[in-house]
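Step one of this worksheet: look at the structure below.
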Amino acid sequence: MRLSQMLFVTLRDDPADAEIPSHKLLLRAGYIRRIGSGIYAYLPLMWRVLQKVSQIVREEMNATGAQECLLPQLQPADLWKESGRWDTYTKAEGIMFSLIDRREQQLGLGPTHEEVITTIARDMIRSYRQLPQHLYQIQTKFRDEIRPRFGLMRGREFIMKDGYSFHADEASLKETYQDMYKAYSNILRRSGLAFRAVEADSGAIGGSGSTEFMVLAEAGEDEVLYTEDGNYAANVEKAVSLPIDAETSRFTTYEKRATPGTETIEKVCQLLNCSPTQLVKNVLYQTVYDNGITVLVLVSIRGDQEVNQVKLQNELTKLASEYGAKTIISLDVPNVEAQLAWTAKSLPLGYIAPDIADEYITAKKQIHPKFLRLVDQTAVDLKNFVTGANEAGYHVVGANWGEQVKLPEQVVDIRKARPGDRAIHNPEQTLFSARGIEAGHIFQLGTKYSQAMGATYTNEQGEEKPLVMGCFGIGVSRLAQAAVEQSYDKDGIIWPVAIAPYHAIVTIPNIKDAQQVEIAQKLYTELNQAGIETLLDDRDERAGVKFKDADLIGIPYRIVTGRAIANGKVEVVERATRKSQEIVIDEVTTTLHKWITAAIQVKN
């Protein structure tokens, strides 16, 4: 492609609304254009990148025996109501675009396709002889993000590969899960990316187990905790660890003490001269279930620990049926305004104890009249601890469970693992932190959707059983931007060779020089004929402008038909290393072919 004929416009300054380097660079280099909030057009250079990524994905998926298909983006709400996820996606998480058609039918734009594929399986799979089956697609998805940001990282429409497998049993599912683990690792490796596979929370998709594939980058929204021995890595939302040992309490007798102005852990520990590991803090949450019931949750946890809200939400979701509900609409720490809806009398905030009386909750139809009390394991083991006295300005010291304070019945693990904690698999290993961009996620769904939607098969004994399912997603457009976030410099993008829009760019410093133009056109033709995808910068621009643009768009190799042609050579510059060398004109094609082949094979 000749740049003079291409829709090619670059920007010298960073766009005002772009926050992270990859977003800025893709806009500046003319890869994408913002059409609306979280909505982008993929311009010619970007589309070539996305095609490269999609092809790698296809090859790896097809190698496992998965079958490509295309599912509808417009999905009837009734399917989502069958699975029980309509309210979760339109109300709780609020990420689904929903609409009413002219026949007054409720529809949604698909953020994911579990319901659609389960409907197909319900209609078409009858016998164990048809299993296993694995279908996948590459298409546009939609999410109504509250705050679209970071370009393609969190857009309202994006390109994704999602796949769904159906099995007779868990053993078969685990085989496909391992196949996908390998395939996703191959996809990221072939795309030239540094990544880490980590244990993850299954979130609204559900299922018994899942793994995220994180592209390592400083701007990553996710925190990954890992051990240096390579035996453990997890998203911080899922991570588990051993906390530091609690200090022995210096209090030996139970008493109530005045502690005015100590609403924070730090202040109370300073006043009482104690360690936060000797303190039980009590955090109040308000959760609303999908049937409108509000439940007040009191979480007791060791003073030096933080509540992992994802783990807490998972625990509360398990209890939904006890309140006649299916899922959670919201979970947060109630502010003063929110408290007015249910408090019978003013709470002693900052001084609450695990046994605060239920009489603080007013009697209303949609308000559960009792606190749901949860205690984290870190607090259970404490002796002679410090905690609130249920009276403003007072704490108690030397308290013990089962003596002065009743231990909540529900003991849970909802603490947030942190860098520096000891690893569970080997306490001699400590957890380290890295930032990552989630590019892929694989799930063992089990029978969550097949049971809810009646998707069954007949086994060898003639019994009807629910299909066992897997779900496997990888963000194509997200992966492409993640590659930029991982590899750039002050001058622009540095694409991995395998997914670069073009392998090389031939730059003519002076288009008025007939010899420069002739040699450039000759190389341009030869390189493309040899399968080396090549751009020709034949624009009537200054050489400096062309060099800056070549660096900005990140093409792996730049060939310059400058002064070296007097010696029968051209200058070849490698974008990643800036290494420059002069190569005999007749040897350029074979040399580049060797370099490109080597660069791609290293990742295979």
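Just the heavy atoms: all of them, side chains too, but no hydrogens, waters or symmetry mates, feed the values below. In this text, all values refer to a predicted model and were calculated from it rather than measured experimentally.
- Taking CD of Gln429 as the reference point, atom CG of Leu242 lies at 12.5 Å (rounded to 0.5 Å).
- Of the inter-residue distances, the one linking Asp332 atom CG with Gln313 atom CD reads 10.5 Å to the nearest 0.5 angstrom.
- Here the CD atom belonging to Glu359 is positioned 9.5 Å from the CZ atom belonging to Phe371, to the nearest 0.5 angstrom.
- Annotation: Phe158 is not in aromatic contact with Tyr40 [ring centroid separation under 6.0 Å not met].
- Annotation: salt bridge (Lys or Arg N to Asp or Glu O under 4.0 Å) contacts involving residues 280-295, sequence neighbours excluded, are absent.
- Between Val307 and Ile301 there is a side-chain heavy-atom pair separated by less than 4.5 Å.
- Using a 3.5 Å distance cut-off with no hydrogens or angles, the side chains of Lys81 and Gln106 do pair a donor with an acceptor.
- Between the side chain of Asp169 and the backbone N or O of Ser172, at least one donor-acceptor pair lies under 3.5 Å.
- With 3.5 Å as the limit, one finds no donor-acceptor pair spanning the side chains of Asp413 and Gln377.
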Tabulate below the donor-acceptor pairs under 3.5 Å that side-chain atoms of residues 385-409 make, not counting sequence neighbours, or state none.
unit_1 : atom_1 : unit_2 : atom_2 : d
Thr387 : OG1    : Val280 : O      : 2.9
Thr387 : OG1    : Asn282 : ND2    : 3.0
Asn390 : OD1    : Ala353 : N      : 2.8
Asn390 : ND2    : Asp355 : OD1    : 3.2
Glu391 : OE1    : Lys256 : NZ     : 2.4
His395 : ND1    : Thr259 : OG1    : 2.7
Asn400 : OD1    : Asn384 : N      : 2.9
Asn400 : ND2    : Asn384 : OD1    : 2.9
Trp401 : NE1    : Ala379 : O      : 2.9
Gln404 : OE1    : Asn400 : N      : 3.0

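- Environment of NZ in Lys416: sparse, with no more than 12 heavy atoms of neighbouring residues, nucleotides or ligands closer than 6.0 Å.
- The closest side-chain heavy-atom distance from Tyr360 to Lys345 is below 4.5 Å.
- Cation-pi geometry between Arg196 and Tyr226 is met: the NZ or CZ atom falls under 6.0 Å from the ring centre, inside 45° of the normal.
- Of the N and O atoms on the side chains of Ser22 and Gln481, at least one donor lies less than 3.5 Å from an acceptor on the other residue.
- Of the possible donor and acceptor atoms, one in the side chain of Arg373 sits under 3.5 Å from a partner among the backbone N and O of Ile356.
- A distance-only check finds a donor-acceptor pair linking the side chain of Tyr164 to the backbone of His113 [under 3.5 Å].
- In this structure a side-chain-to-backbone donor-acceptor pair under 3.5 Å is present from Arg415 to Ser241.
- Not a single donor-acceptor pair under 3.5 Å links the side chain of Asp421 to the backbone N or O of Leu431.
- Closest non-hydrogen pair, Val297 versus Leu374, comes out as CG1-CD1, 3.9 Å.
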Report the C-alpha distance between Leu216 and Phe195 in whole Å, list the side-chain angles of each, state the deciding distance to 0.1 Å, and finish with yes or no for side-chain contact (heavy atoms from CB on, under 4.5 Å). CA-CA 5 Å; Leu216 302 179; Phe195 69 96; 5.6 Å; no
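- The main-chain N or O of Ser450 is never found under 3.5 Å from a side-chain atom of Thr447 such that the two would form a donor-acceptor pair.
- For the residue pair Glu115 and Leu79, the shortest heavy atom distance occurs at CG-O, 3.5 Å.
- Listed here is the closest heavy atom pair of Arg302 and Ile244: NH2-O, 2.8 Å.
- Sorted by first and then second residue, the salt bridge (Lys or Arg N to Asp or Glu O under 4.0 Å) pairs with a member in residues 473-484 form an empty list; sequence neighbours excluded.
- Within the structure, no pair that satisfies the ring pair (Phe, Tyr, Trp, His ring centres under 6.0 Å) test touches residues 291-319, not counting sequence neighbours.
- Less than 6.0 angstrom separates the ring centroid of Tyr323 from the ring centroid of His368.
- The shortest non-hydrogen separation linking Thr112 to Lys141 is CA-NZ, 4.0 Å.
- Residue Ala417 comes nearest to Val236 through the heavy atom pair O-CG2, 3.7 Å, listed as atom of the first residue, atom of the second, then distance.
- Remark: the backbone N or O of Glu221 is paired with a side-chain donor or acceptor of Arg435 at under 3.5 angstrom.
- In the model, Lys182 has no side-chain atom that pairs as donor or acceptor with a side-chain atom of Tyr177 under 3.5 Å.
- At distances below 3.5 Å, not a single donor-acceptor pair connects side-chain atoms of Gln486 with backbone N or O atoms of Leu193.
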Result block: side-chain N/O donor-acceptor pairs under 3.5 angstrom for residues 469-477, not counting sequence neighbours:
unit_1 : atom_1 : unit_2 : atom_2 : d
Ser477 : OG     : Ile159 : N      : 3.1
Ser477 : OG     : Ile159 : O      : 3.4

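- When only modelled atom types and interatomic distance are considered, Glu247 and Thr277 share no side-chain donor-acceptor pair under 3.5 Å.
- A heavy-atom distance below 4.5 Å is not found between the side chains of Val310 and Lys238.
- Note that CD1 of Ile329 and CG of Leu331 are 12.0 Å apart. Values are rounded to the nearest 0.5 Å.
- No side-chain donor from either of Gln305 and Thr378 sits under 3.5 Å from a side-chain acceptor of the other.
- Rounded to the nearest 0.5 Å, atoms CG (Asn335) and CD (Gln286) are 8.5 Å apart.
- Here the options are Val299, Leu298, Leu316, Leu296, the test is side chain to side chain contact (heavy atoms under 4.5 Å, CB included), and the partner is Tyr285; only Val299 passes.
- No more than 12 heavy atoms of other residues, nucleotides or ligands lie within 6.0 Å of CD in Gln270, so this atom counts as exposed by the packing criterion.
- Pro111 meets the side chain to side chain contact (heavy atoms under 4.5 Å, CB included) test with Trp80, Tyr89, Met96, Arg143; sequence neighbours excluded.
- Of all non-hydrogen atoms in Arg28 and Pro15, the two that sit nearest each other are CG-CD, 3.9 Å.
- Judged by distance alone, with hydrogens and angles left aside, the side-chain atoms of Arg250 form a donor-acceptor pair with the main-chain N or O of Asn273 at under 3.5 Å.
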Going through the checks in order, is the salt bridge (Lys or Arg N to Asp or Glu O under 4.0 Å) test met by Arg85 and Glu114? CA-CA 10 Å; Arg85 290 205 303 173; Glu114 282 81 9; 2.9 Å; yes
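- Ion pairing of Arg147 with Glu145 is absent here, as no side-chain N (NZ or NE/NH1/NH2) approaches a carboxylate O to less than 4.0 Å.
- One finds the CG atom of Asp304 at 9.5 Å from the CG atom of Leu279 (value rounded to the nearest 0.5 Å).
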Stepwise, does the side-chain contact (heavy atoms from CB on, under 4.5 Å) test hold for Ser191 with Leu479? CA-CA 9 Å; Ser191 297; Leu479 187 154; 4.0 Å; yes
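- No donor-acceptor pair closer than 3.5 Å links the side chain of Gln451 to the backbone N or O of Leu467.
- The cationic atom of Lys326 (NZ for Lys, CZ for Arg) does not lie both less than 6.0 Å from the six-membered ring centre of Tyr289 and within 45° of the ring axis.
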I'd like to know whether Asp245 forms a salt bridge (Lys or Arg N to Asp or Glu O under 4.0 Å) with Arg422, so could you lay out the CA-CA distance, the side-chain angles of the two residues, the decisive distance to 0.1 Å, and finally the verdict. CA-CA 10 Å; Asp245 292 332; Arg422 295 167 296 167; 3.3 Å; yes
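- For Leu340, the CG atom is densely surrounded, since the number of other residues' heavy atoms within 6.0 Å is greater than 12.
- When only modelled atom types and interatomic distance are considered, Asp229 and His425 share a side-chain donor-acceptor pair under 3.5 Å.
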